[in-house]
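See below for the structure under consideration.
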There are 2 protein chains.
Amino acid sequence: MTNFPYPGKPVRGSKTGKPTMALFDLLGRRWAMGVLWQLCQGGACTFRELQSRCESISPAVLNSRIKDLRQGLLVEHTSDGYQPTELGQQLAALLLPFSEFAQVWATHLNEQNQATQKDADNECD
Amino acid sequence: MTNFPYPGKPVRGSKTGKPTMALFDLLGRRWAMGVLWQLCQGGACTFRELQSRCESISPAVLNSRIKDLRQGLLVEHTSDGYQPTELGQQLAALLLPFSEFAQVWATHLNEQNQATQKDADNECD
DNA sequence: TTGGATTGCTATGTTTTTGATAGCAGAGGG
DNA sequence: CCCTCTGCTATCAAAAACATAGCAATCCAA
């Protein structure tokens with residue numbers, strides 16, 4: 001149908017479609033992880049609410065990502081609106097540690113940038 | 001410098017640059033997770049070896065992703081070639097469960113497709 | 001010293017994907 | 001009927017990714 005990265009078919013990173021690579025292909029699309037994250041953090045919601053949670057996603061891309069995620073059985077559309085499937089929640093659970101890591105990561109980046117800044121300052125002596 | 005998603009600056013998913021969203025922005029770029037994965041699975045290697053491991057990445061994109069990952073302190077270039085940093089290994093560790101999940105995911109997708117196929121077959125009765 | 005072979009890219013032109021914005025059609029509710 | 005909310009699609013511009021060719025800087029043996 002579309003260009004969904006089906007395991008078993010050639011995907012980015014694997015001509016034989018290794019599931020891991022297929023998953024990376026799917027999640028490596030812009031906003032994919034963010035959309036799943038928002039749905040799992042904030043609970044089921046409407047298209048527009050989801051768009052709002054993402055702060056700056058365009059409807060075209062959101063729609064595209066929703067299609068991907070639905071086709072990937074990670075998100076479904078119910079009377080309550082869009083929500084993660086059981087499978088989607090499992091995946092989102094794996095994303096949780098990323099949040100914690102991101103804090104540490106941000107600290108390192110800050111330190112490094114401050115160091116760089118000091119170096120730059122010193123160069124001006 | 002480039003358009004690296006620095007935590008604290010506007011990134012996809014967060015105008016205030018929440019670290020989690022900044023990380024998603026970085027990892028949500030094509031090949032980002034795949035490159036990190038390959039480096040952590042196969043160990044340090046040269047640019048061309050890495051390109052080979054990725055099976056179908058173009059040098060331009062690989063170079064771009066390497067820049068991102070280096071700027072993100074996740075990958076470094078040593079005399080042994082490119083290799084993940086300590087921080088990069090921590091992140092890659094979080095990626096490991098994805099591989100297991102991907103197997104389950106692939107199974108579900110297959111089942112669903114077979115069901116769909118059967119439905120389609122039945123429609124032909 | 002010179003002719004490969006390897007490495008880390010850059011250059012170029014094309015195709016996809018995203019992004020920004022406008023707006024439409026259908027389902028309620030009043 | 002009018003208004004709002006919802007889930008999108010249409011359109012066009014910009015950015016990213018892709019495919020391919022090839023270059024400059026090692027390195028290394030002859």
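Just so it is clear: chains get the letters A, B, ... in the order the sequence lines come, proteins before strands, and each one is counted from 1. Model, not experiment: these values are computed from the prediction.
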Notebook entry, point to check: Between atom OH in B/Y82 and atom C1' in C/dG8, what is the gap in whole Å?
Noted result: 6 Å
Item checked: All pairs passing salt bridge (charged side-chain N to carboxylate O under 4.0 Å, His left out) where residues 13-24 of chain A contributes a residue, at least two apart -> A/K18-B/E55
Check: Rounded to the Å, how far apart are A/Q51 CD and C/dG19 P?
Finding: 12 Å
Next item on the list: Using whole Å, report how far CG of A/L62 lies from C1' of D/dG7.
Entry: 10 Å
Note to self: Any side-chain N or O of B/H77 below 4.0 angstrom from OP1/OP2 of C/dG8?
What the structure shows: yes
Item checked: Whether over 12 other heavy atoms sit under 6.0 Å from A/Q103 CD -> yes
Item checked: Neighbour count >12 (heavy atoms, 6.0 Å) for atom CD, B/Q41 -> yes
Check: What distance do B/T20 atom OG1 and A/M33 atom CE have between them, rounded to the nearest 0.5 Å?
Finding: 11.0 Å
Check: Roughly, in whole Å, what's the span from CG in B/L50 to C1' in C/dT6?
Finding: 16 Å
Notebook entry, point to check: Would you say a side-chain N or O of A/N63 is under 4.0 Å from OP1 or OP2 of D/dG7?
Noted result: no
Margin query: Please report the distance, rounded to the nearest Å, between CZ in B/R48 and C1' in D/dT26.
Written below: 13 Å
Notebook entry, point to check: CZ/B/R70 to CG/B/N63 distance, rounded to the nearest 0.5 angstrom?
Noted result: 9.0 Å
Notebook entry, point to check: According to the interplanar angle, ranging from 0 to 90°, do the rings of A/F24 and B/W37 count as parallel (below 30°), tilted (30 to 60°) or perpendicular (above 60°)?
Noted result: perpendicular
Pairs: protein N or O with nucleotides 11-18 of chain C N or O, under 3.5 Å:
| unit_1 | atom_1 | unit_2 | atom_2 | d |
| --- | --- | --- | --- | --- |
| C/dT17 | OP1 | A/N3 | ND2 | 2.6 |
| C/dT17 | O3' | B/R30 | NH2 | 3.4 |
| C/dT18 | OP1 | A/R30 | N | 3.4 |
| C/dT18 | OP1 | A/R65 | NH1 | 3.2 |
| C/dT18 | OP1 | B/R30 | NH2 | 3.4 |
| C/dT18 | OP2 | A/R65 | NH1 | 3.4 |
| C/dT18 | OP2 | A/R65 | NH2 | 3.1 |

Margin query: Expressed as a whole number of angstroms, how long is the span from A/E49:CD to D/dC5:P?
Written below: 13 Å
Check: Taking side chain as C-beta onward, heavy atoms only, is B/V35 less than 4.5 Å from B/Y82?
Finding: no
Notebook entry, point to check: Which listed nucleotide (D/dG22, C/dT10, D/dG7) is nearest to the side chain of B/K67?
Noted result: C/dT10
Check: Can you check the B/D80 CG to C/dT6 P distance for me, whole Å?
Finding: 19 Å
Next item on the list: Find out whether A/C45 and A/L39 are in side-chain contact, i.e. whether some heavy atom of one side chain is under 4.5 Å from a heavy atom of the other.
Entry: yes
Check: Does a side-chain heavy-atom distance below 4.5 Å link B/Q89 with B/Q83?
Finding: no
Note to self: Output the rounded distance in Å from CG (B/D25) to C1' (D/dA16).
What the structure shows: 13 Å
All N/O pairs under 3.5 Å across the protein-nucleotides 27-30 of chain C interface:
none

